[in-house]
Amino acid sequence: MKNLLHLIAIIALTIVTQIGGVVYVVTLITLQQVKSKSILKGSSLFIFLYFITTFLVTPILAPIFGREKIKETEFLEAHSFFYKLANRDYVKPELQQLLDNTSKAYAKSNKNIKLIHLDASFPFFDKFPLLPHLSHNDGKKIDISLIHQDDNAALTNRKKSVSGYGVFENSQLREYNQNLACQKRGFWQYDFPKYLSFGTINDDIIFSNSGTKNLISEILKDNNLSKLFIEPHLKSRLNLSNNKIRFHGCRAVRHDDHIHIQVK
Ligand SMILES: [Zn+2]
């Protein structure tokens, strides 16, 4: 029973953080060697080793795999500490460059408004999936938060979802409802992110058409961009026509809670 729980912990930590499972195994071996059965000592050692590995060791090793931990700036940051803690913020240098350039340019015309990112990739190994995403496995992809505005129509850095996912800017009456179309074709998973929001916050803010459109326009200027995914009703509402903006297909999940971009 105890071994089964350890196994579940190792698998869960590997799925969520990539390196957590290995750190867990190292912790178990160390405890065995010093013949300690204390849960408190075990947990403390795991947390200590996990922080050292995540914030000191992994950022040094990741470049061997062609990736780097996103460098935050006054214009660019993760939606929450979770993304950094769980090693879900690794990208290829070209993508870091795109994020840097875009966030700086965007802040120039939208003072104090940041580019806020969600899941990117893990630090090691191509094809190692970053669940629940299908394609975030090579350092070339990242999800970016939509832009919102407050009661006074001023842009804000606040978002509507605790996790950053799962609170949608739904299609309006006359707009094409891609979600419904995919559901009708049997792709039940298309609006699965609704279970991943971990709660709705900031009810006083709303989606900003112009703020989001300007951010996308800024992203499209980067020559390294290969594709950008956003839900079809938002593409037409924001009057976007660039051929790098594609529909991701019903096998993916809906993209009216975030923007997905990838570099060549
Ligand atoms: Zn994505």
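Ligands are counted one by one from 1 in listed order, and the atoms in each one are counted from 1 as well.
- Chaining together hydrophobic side chains whose heavy atoms lie under 4.5 Å apart leaves Ile60 on its own.
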| Where do His260 and Asp143 land on the side-chain hydrogen bond (donor to acceptor under 3.5 Å, both in side chains) test, with the steps shown first? | CA-CA 4 Å; His260 166 106; Asp143 292 339; 3.3 Å; yes

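- The Zn ion (ligand 1) has His136 NE2, Asp143 OD1, His260 ND1 as protein N, O or S atoms under 2.8 Å away.
- Just one of Thr58, Val57, Thr14, Leu49 meets the side-chain contact (heavy atoms from CB on, under 4.5 Å) condition when paired with Ile19; it is Thr58.
- Not one N or O on the side chain of Asp150 forms a donor-acceptor pair closer than 3.5 Å with the backbone of Ile205.
- Judged purely by distance below 3.5 Å, without hydrogens or angles, the side chains of Gln183 and Asn179 pair a donor atom with an acceptor atom.
- In this structure, Trp188 and Phe192 have perpendicular ring planes: the angle between them is above 60°, well past the 30° mark.
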